[in-house]
Amino acid sequence: MTINHYIFLSVALFCIGIIGVLTRRNMIVIFMCVELMLNAVNLLLVAFSKMHFLSASAFDAASKAGTDAQLFVFFVMVVAAAEVSVGLAIIVMMYRNTHSVDVNFLNRLKH
Amino acid sequence: MVQLFDFISIGTLNIPFAFQVDQLSAIFMLIITGVGFLIHVYSTSYMHEEASDQYARYFSFLNLFVFSMLLLVLGANYLIMFIGWEGVGLCSYLLIGYWYKNKDFSTAGRKAFVMNRIGDFGFLLAVFWMIQHFGSLNFGDVLGKAAGMPLNDKVLVGITLLLFLGAVGKSAQIPLYTWLPDAMAGPTPVSALIHAATMVTAGIYMIARSNILYTLAPVTQGVVAAIGLATAIFAASIALKQNDIKKVLAYSTVSQLGYMFLGLGVGAYTGAVFHVMTHAFFKALLFLGAGSVIHAMHHEQDIRKMGGLKKQLPVTHWTFLVACLAIAGIPPLSGFFSKDEILSATFSVNKIYWVIGVLGAVLTAFYMFRLYATTFLGKFRGTEEQERHLHESPRAMTVPLVVLAILSAVAGFIGIPAVLGGTHQLENFLSPVFAGSVALQHAAHPDHTTEYLLMGISAGLSVLVLLYAITRFSKKPDMDSPGGLGKLLENKWYVDELYDMIVVKPLHRVSVLLNNVAEKMGIDGVVNGVGKFVSYGSRQLRLLQNGQVGVYILIMVAALLILFIIQLFVL
Amino acid sequence: MGITQLLFWLLTTLTLGSALMVIFSKNPVYSILWLIITFFAISGHYVLLNAQFLAIVNIIVYAGAIMVLFLFVVMLMNLNMPSSPLKNKWLMFAGVISGGSLLLVLVAALKDTEAMRNGILMQTGDIGLIHNLGKVLFKDYILPFEISSVLFLSAMIGAVVIGKKA
């Protein structure tokens, strides 16, 4: 497998996420599409980490190159989890106020 | 020559703020300060009825004028001269419109200003041309460089014509003379100082200063002489039928200025400057005398309502008579010598010019004595109340009159021509300034017999006409409105109406058109169009901010897409 | 085609297919279930890349915790009604177009790049093991780790505060 397999996979996933964000109006689905985009990035990070490791281990068998990328993925997950907890709380509150999770209902930004 | 500091210094162009005193400047300084002093003294009394702040305004303007005039004659280059030139124009405007509450008076001020601007435009163009061609504005540099140029060089002719346009505006020659009679709206001492003695001679000064340029451009000299002569005879003809004491003097001033230009045009620079000097004395005297009469008559200026003032105003009467004799060119008063010098120089250049010039001199004698006779001789024709209040003016007014009368009488003796056994001290005095021109001129002086004859003709004719005018007008002045030619003359050949028709009215119509079309549709259209476009555009753009998060994200993605395309494919 | 390639293509198909189902399902509950399948497929990719720790964390945190939270919210608040058809058809159309063209642009740009030929070490390599990651995380990345705990705390407090309001 080469890196561009993973790059195209990630780009495709990311674009699916974008299309979802742009076309769906259900706030929960939009949220899930954001998670999809985050995962596309995560996957790409891991793939690059292994690519980096491969080229580094050719010179040094004990190389730990690429570890950082996987830790970044870990931190991305941390942030995503925090984001989801707050975001869902906001959705719940919005539903309680408006009895809808339609983003177009939230056009108060105009005012 | 004193250089104070660098006024303008750009690249190779260097215009210092410098003063220059030579014989020519000295003569003018003496005239300005001397006559100016007498008029200031006179004004203290003449203007005493004014409120104190108005009084202060009057004197501040008057002194600003004297300052500007001195700047004009002292400047060592054309730019400093131009500053003074503009300054006197401004003061003239301010003082003509001194009684600004009267609409006619402020209109007269505006007219003077606009006419002067037309001339200034020519002056300014000439200055630019000089910078372009000579690279300097200093008199020394410009005149020095010009001296080496061939006769009738195109540049010289152009520059001199433009300078002459400036002089025409400032010195009230055809076709820009109409402002000067209207300028009589100002206080009479102002008329005496500005519109008779000093400011209007600025044009003479400028041409005399640039004499070498004019000598090298005979084409321009011809124009100057022709316009001067035409103005002299034309203004004299108008003066014949004017009934306002100051208007007569105003046209007489225009006419005398015409003589000065005639002198310049025929190369008699000394004669022109001489006439400036003598004219300053007797015309200031005439105006101050007229002011004294007006003062006595409680601001009545129509000579038909005067008459017989000889008894009540003896000092004014005698000084006025001296001035009239001087301006009419009766020997041995000053006007005779200066006018004769110009006329004899004219004779040697062009005989027909001389005939017309003598005719103008005769007309001068006629209208001056018509004025004199109508005002001072005969019976009083005003109201009884005016008659009761007739009084001689206070000493602050009569003393300047007497001093000026003495000067008018004797000033001619500094320029007695060789033919009468004099040495012409003025010519010797001024010779350094005019040396370059004199060297270039080969005018054959008429021999002594001819000169005696010329003097005799002009003086004799003047005396005859003078006696006729006194006998004709002392008994029964022309009270009725004249018909035919007289009516034409009384209405100043309808020149004002003509200008109004061919210049003011079309301009007015064009501006109305521009106002309606260019202003309303063009400028307003553009301005309003910009406003409408912005307003419309923002109304449309506002729809973008519809608060819909989806739309915002869509725009964001689209922008990202565009950036990607630019980054990846275009660059 | 070895077993690795076979697995890769299988997992890729599963990932993209289920991701598409996420955005095209009318019912949010189905979307969530499809998303869980996507996450499992991505975890499979991680395993294929020998990043077992991340594979496990992905399943536990995402598929387990986060998606369950989503499900809870949807079901408890009874949000699983099918979304009404979009009023703004062109907006949806424009969304698909712009997302698709973004994909096209990126693919077209990256297609011929030389670096794309670089290989990737599949299946082997120990950097993805918890032994290695733990050492680096608690030595070099201890400060971000602690800060992320503060982030969690604040997120928790935020969620509680927002949930209590209204």
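Everything quoted here is computed from the prediction, not taken from an experiment. Note: hydrogens, waters and symmetry copies are ignored here, and every other heavy atom, side chains too, is used. In what follows, chains carry the letters A, B, and so on, assigned in the order in which the sequence lines appear, proteins first and then strands, with residues in each chain numbered from 1.
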Query raised in the report: Looking only at heavy atoms, what is the nearest atom pair of Phe152(C) and Ala82(A), with distance?
Result: CE2-N, 3.9 Å

**Report entry** Contact origin within Phe74(A) toward chain C - heavy atom pairs under 4.5 Å
**Finding:** both

Query - The single option from Ile91(A), Asn26(A), Ile28(A) passing side-chain contact (heavy atoms from CB on, under 4.5 Å) against Val74(C) - result: Ile28(A)

Report task. Measure distances from Phe53(C) to the heavy atoms of chain A and classify the residue's part below 4.5 Å as side chain, backbone, both or neither. Result -> side chain

Query - Ala51(C) versus Val46(A), closest heavy-atom pair with distance - result: CB-CG1, 4.1 Å

**Report entry** Contacting moiety of Leu13(A), where chain C heavy atoms sit under 4.5 Å
**Finding:** both

Requested in this report: Could you tell me which residues satisfy ring-ring contact (aromatic ring centres under 6.0 Å, His included) with Tyr62(C), sequence neighbours excluded, listed by chain and number?
Outcome: Phe39(C)

Report task. Under 4.5 Å heavy-atom distance to chain C, tell me which part of Leu38(A) shows up: side chain, backbone, both or neither. Result -> side chain

Report task. Counting only heavy atoms closer than 4.5 Å, note whether Thr38(C) contacts chain A via side chain, backbone, both or neither. Result -> side chain

Report task. Answer with side chain, backbone, both or neither: which region of Val79(A) has an atom nearer than 4.5 Å to a non-hydrogen atom of chain C? Result -> both

Report summary line: When the 4.5 angstrom heavy-atom criterion is applied to Leu88(A) and chain C, the contacting part is side chain

**Report entry** Shortest non-hydrogen separation from Ile23(C) to Gly20(A) and the atoms involved
**Finding:** CG2-CA, 3.5 Å

Query - Segment of Val29(A) engaging chain C (4.5 angstrom heavy-atom cut-off) - result: side chain

Requested in this report: Heavy atoms only, distances under 4.5 angstrom: which of Ser55(A), Ala47(A), Ala80(A), Gly87(A) has the most pairs with chain C? Name it, please.
Outcome: Ala47(A)

Donor-acceptor pairs under 3.5 Å, side chain of residues 100-107 of chain C to any protein atom, not counting sequence neighbours: which ones?
unit_1    : atom_1 : unit_2   : atom_2 : d
Ser101(C) : OG     : Ile97(C) : O      : 2.5
Ser101(C) : OG     : Ser98(C) : O      : 3.3

Requested in this report: Of all the heavy-atom pairs spanning Leu48(C) and Leu11(C), show the shortest one and how long it is.
Outcome: CD2-CD1, 4.3 Å

Requested in this report: Would you mind listing every side-chain hydrogen bond (donor to acceptor under 3.5 Å, both in side chains) that reaches into residues 70-80 of chain A, with sequence neighbours excluded?
Outcome: Ser49(A)-Gln70(A)

Report summary line: Expected contact set for residues 135-143 of chain C against chain A at heavy-atom separation under 4.5 Å reads Val136(C), Leu137(C), Tyr141(C)

Query raised in the report: Side chain, backbone, both or neither: which part of Leu35(C) has a heavy atom under 4.5 Å from chain A?
Result: side chain

